[in-house]
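Throughout, protein chains are lettered first and strands after them, A, B, ... in sequence-line order, and every chain is numbered starting at 1. Fair warning: this is a prediction, and the values are worked out from it, not measured in the lab.
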Amino acid sequence: MAKYDFAKIEKKWQKKWEESNIYEITEDLKLTKKYILEMFPYPSGNIHMGHVRNYSIGDVVARYGRMKGFNVLHPIGYDAFGMPAENAAIKHGVHPRKWTYENIDIMRDQLKSLGLSYNWDREVITCDPDYYKWGQWLFLKFYKRGLVYRKQSKVNWCSSCETVLANEQVEGGGCWRCSTLVEQKELEQWYFKITDYTGPLLNDLEKLKGWPERVKVMQKNWIGRSEGAMVDFILKDGKTVTVFTTRPDTLFGCTFFLLAPEHLLVDELVKGTPYEEDIVKFREKVAKETEIDRTSAEIEKNGCFTGTYIINPVNGREVPVWIADYVLMEYGTGAVMAVPAHDERDFAFAKKYELPIELVIQPAGEDLSSGLDKAYTGEGLMINSGKFNGMPSKEGAKAIAKFLKEQNKGELAVNYRLRDWLISRQRYWGNPIPIIYCDKCGIVPVSEEDLPVILPDDVKITEKGGSPLAKHERFVNTVCPRCSGPARRETDTMDTFTCSSWYFLRYCSPNEGKLPFDGSAANYWMPVDQYIGGIEHAIMHLLYARFFTKVIKDMGMCEVEEPFSNLLTQGMVIKDGAKMSKSKGNVVDPNEIIKTYGADTARLFILFASPPEKELEWSDQGIQGSYRFLNRVWRIVVRNIESSKKGDDTGLDDTDRELLRFVHKTIKKVTGDVERFNLNTAISAIMELVNANYKYYDDKGEGKVNSDLLTEVNEKLLLLLAPFAPHIAEELWETMGKIGSVHLGKWPTFDEKLAKAEEIALIVQINGKVRDKITVSADVSEEEMKKTALSSEKLKQFTEGKEIVKVVVVPKKLVNVVVR
RNA sequence: GCCCGAGUGGCGGAACAGGCAGACGCAACGGACUUAAAAUCCGUUGUCCCUUGUGGACGUGUCGGUUCGACUCCGACCUCGGGCACCA
């Protein structure tokens, strides 16, 4: 018997599949499509185990879909713009372009060595001018629709990456990429107006039935909808200052008023007063502290009195106006009504500065009138609130809002946490923002026919000193498209998340030359039926991609409003209980594994060791187990082929029927498991079938096997195995003498009658405890079950001298006898 | 602090709608084959107890509840992991 030579087999079939282009597809309206997509990789040079897991899962889904008769789109590409390319340039003096394309070549080879069934001819590389041109085109369309604007404000700045970051890219006060503490900088930057789509982005989450609840919750929290009211307070000079509050019911308990230190009104209020000096000092201090102090767990609240008072619209009371570091300019209106009795932060602030605390909500069954040691933030009955006294707080909130509305001093309002998406990056290796600054005409978008704005190659990339493009004279200096006078180009590039926000649309028609994608192709393929990737993209990428899709739909370019119908978030691959990392020295290199055991073993193990959503602990012994299994498959299939040449096949005896039953049972189990992504148990079911096949020889004796049966077992086994271990399945399929690829074969169907056992073990319980197991016919009636159970010898010792109270019968499963 | 998710043998994990807890794999142990080893094939393997049987008790983080019956449902708690974190 020839040995299982995985290296030879895998090379052979990868070549054949490529030559025959067996996964080629076209938009065929007669066929039902399936768009299977895994998040495309950043070309860092080598694939890691996370990629192997991601792409192995996707490949099973794609191959299964194809065998089920769907027209399957399963593309791959590279998210090729980004910082690591520039870092490599600084470190090794390689040009980012060269570094990136070389890495893509390496990674493409590695992905091919895994035997993944991609539509390779649809590859998308985001740093290709053919692709980024359309990113610029979309930027201009967004600009025309008023979804792009430039604004001066405080932004997150990473001093290590030397660029600004979007809010989503700040994690725990540090840069999402390098963890450097993020600073605040006052800069003029480009923004995408994602807040125009807050409503649909939030509400359409409900439509995403195929998304994990967890991801939807994370997006929901990120968007952060709060219901409450806008309330107008009036300064002594008659000027109105509006606040947002979620608790209008506590309005009577407002004992002071707070402004964000950056609030524009502050200057006006203190100018020329004795308070000016302290306020200025305080503001400077806050400006310096910013994120560093704000990230520590328990921060003391600091503030400073402005010397002015403001009038509460419900009771006309004058309360002092302070500025406080915990009031954020970016949320709400940058002003807050402080109710220390019912807000923890206000309470701490009031205690520190000895400001009055007034109870206005009385909780049920508790007397708080003797003083508070902490704020009461729950519901209750309103007190000290004039005509609203005695009202439940929830009702009171609405009543006060209604009252304010009548007085024209406020109204119900909804506020969101989501802020606009800052897309400017002071980096070279990204998509240039297609904007020109003209002294005469101001900000002028690049004309469509001048796209793409080509990213020049001849730049000097240095570690310090800002954007390299800004120093590139020929790039910067241009002419104004409007007045033809001298003008300067924008030198910032776009956040790379803009590139990954629409690549799934490009895959539908990757060679389209007149538009980002062909509308009819997109309408055929979209939405993505199954998207697979890491949980780390739960907010950023998935939110941005949803935003782009919605805008593109509103532009009339594609009909879908949500890009990904079903989402599978795979768990991390860990080793020794920790994420694989160079510094921990626990990295397992996929190339080594493929070299030692082959791609099929690598794929099989990674799918078998854990369900896709869960963490996967890498095990060197585990991979040997998978390797052992494939060898076992190899031997039994070859043995079956040989036996079927000389076996006897005159009818089926009990042992034959048992194996046939096992085949059908396994098809049923594997089909159901793959549909539900229980890939680990699907593989275990295939293992059981192989074990049953071995047992069959033991039971039967070598010479007496049924040849037709063994041919059928082989055929079904290889079809089931094909999505998981494509090379070995194909090789054995050929060895069997089959014409055509196993991967173009039909997914096997099962016969429910054949899958069913002829006999079942009837479980007999006394008071819920198993006392006997009796073999009975599978079509046993409930009456027979009861009779059989009660006649059990073993039961006697438990029922003797006791009264049978009740007999519970679960059809075709068990009988529970209740005794007393 | 708030919001999710998870706790099952020595280990990874299974039990799909409340009905045999521990499938499958790893590790370990035993047998066959071999001069021997590896590989392979066949077994055993949750814990404890005794009168060693076709025996019994216990057992899915802890405590309680619902039920004829609970890994599964309900309540409280503990531990771990993740997300958000001055959001008014």
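- Residue-level contact check: A/S610 touches the backbone only, with heavy atoms under 4.0 Å from sugar-phosphate atoms and none from bases.
- With a cut-off of 3.5 Å on both Watson-Crick or G-U wobble distances, the partner of B/rA21 is given as none.
- Checked against B/rG13, B/rA88, B/rC3, the side chain of A/T246 finds its nearest nucleotide in B/rA88.
- Remark: the separation of the P atoms in B/rC24 and B/rG46 is 12 Å, to the nearest Å.
- Residue A/K669 is classed as a base contact, given a heavy-atom separation below 4.0 Å to a base.
- Residue contacts shown for A/R639 are absent, as no nucleic acid heavy atom lies under 4.0 Å away.
- Side-chain proximity of A/N816 to B/rC42, B/rA23, B/rG69: nearest is B/rG69.
- A/N678 has its CG atom 13 Å from the C1' atom of B/rA23, to the nearest Å.
- For the residue pair A/T681 and A/D673, a side-chain donor N or O sits within less than 3.5 Å of a side-chain acceptor on the partner.
- Within 4.0 Å of A/G625, counting heavy atoms only, lie sugar-phosphate atoms of the nucleic acid but no base atom.
- Remark: the separation of the C1' atoms in B/rG13 and B/rC26 is 11 Å, to the nearest Å.
- With B/rC58, B/rC42, B/rG19 as the candidates, the nucleotide lying closest to the side chain of A/K769 is B/rC58.
- Across all strands shown, A/F629 has no heavy atoms under 4.0 Å from either base or sugar-phosphate atoms.
- B/rG30 is paired with B/rC42 under the Watson-Crick or G-U wobble criterion, all donor-acceptor distances under 3.5 Å.
- Nearest nucleotide to the A/R676 side chain, out of B/rG25, B/rC16, B/rC26: B/rC16.
- In this structure, A/N221 and A/L616 both approach RNA chain B, and ranking their closest nucleotides by distance from the 5' end singles out A/N221.
- Among the heavy atoms of the strands lying under 4.0 Å from A/R635 are primed sugar atoms or P, OP1, OP2 only; no base atom is included.
- Contact annotation: A/R628 reaches the phosphate of B/rA27 (side-chain N/O to OP1 or OP2, under 4.0 Å).
- Rounded to whole Å, the P atom of B/rC3 lies 28 Å from the corresponding atom of B/rA14.
- Among the heavy atoms of the strands, none lies under 4.0 Å from A/D772.
- A/L258 and A/A324 make their closest contact through CD2-CB, 3.8 Å (heavy atoms, listed as atom of the first residue, atom of the second, distance).
- Taking the C1' atom of each, B/rC16 and B/rG64 are spaced 29 Å apart, rounded to whole Å.
- Considering only side-chain atoms of A/V810, the nucleotide from B/rG19, B/rA27, B/rG82 that sits closest is B/rG19.
- Between the side chain of A/K301 and the base of B/rC86, a donor-acceptor pair under 3.5 Å is found.
- For the residue pair A/E784 and A/S781, a side-chain donor N or O sits within less than 3.5 Å of a side-chain acceptor on the partner.
- Nearest to the side-chain atoms of A/K813 among the listed nucleotides B/rU40, B/rA88, B/rG19 stands B/rG19.
- A/E213 comes within contact range of no nucleotide atom at all, as no heavy-atom separation falls under 4.0 Å.
- With B/rU40, B/rC84, B/rC68 as the candidates, the nucleotide lying closest to the side chain of A/W222 is B/rC84.
- Listed pair A/N680 / B/rC24 fails the phosphate criterion, with no side-chain N or O lying under 4.0 Å from OP1 or OP2.
- Base orientation at B/rG9 is syn, since its O4'-C1' glycosidic dihedral falls within 90° of 0.
- Side chains of A/T655 and A/D699: a donor-acceptor N/O pair is absent below 3.5 angstrom, by distance only.
- For B/rA23 and B/rC11, the P atoms lie 15 Å apart once the distance is rounded to whole Å.
- The CZ atom of A/R225 lies 7.0 Å from the CG atom of A/L202; values are rounded to the nearest 0.5 Å.
- Within 90° of 0 lies the glycosidic angle of B/rA17, which makes this nucleotide syn.
- Counting non-hydrogen atoms under 4.0 angstrom, A/E617 reaches nothing in the nucleic acid.
- Both A/S684 and A/Q621 lie near RNA chain B, and the one whose nearest nucleotide falls closer to the 5' end is A/S684.
- The separation between A/I766 atom CD1 and B/rG69 atom P is 13 Å, rounded to whole Å.
- Counting any heavy atom pair closer than 4.0 Å across all strands shown, A/V217 reaches sugar-phosphate atoms only and no base atom.
- As judged by a 4.0 angstrom heavy-atom cut-off over every strand, A/S226 is placed among residues touching the sugar-phosphate backbone only.
- Here B/rC68 is the nucleotide among B/rC68, B/rA88, B/rA14 with the atom lying nearest to any side-chain atom of A/V818.
- Between B/rA15 and B/rU8, the two P atoms lie 15 Å apart (nearest whole Å).
- A gap of 8 Å separates the P atoms of B/rG61 and B/rU72, to the nearest Å.
- Across all strands, A/D673 comes closer than 4.0 Å to no nucleic acid atom at all (heavy-atom distances).
- A/N640 and A/Y697 share a donor-acceptor pair across their side chains, judged by distance under 3.5 Å alone.
- Checking A/T242 against A/D232 by side-chain atom types alone, a donor-acceptor pair falls below 3.5 Å.
- Of all nucleotides listed (B/rG83, B/rG82, B/rA14), B/rG83 comes nearest to the side chain of A/M218.
- Donor-acceptor pairing under 3.5 Å is recorded for the side chains of A/K352 and A/N302.
- Using P as the reference atom, B/rA76 and B/rG5 are 15 Å apart when rounded to the nearest Å.
- With distances taken from any side-chain atom of A/V327 to the nucleotides B/rC41, B/rC20, B/rA88, the minimum falls on B/rA88.
- For the residue pair A/Y64 and A/E675, a side-chain donor N or O sits within less than 3.5 Å of a side-chain acceptor on the partner.
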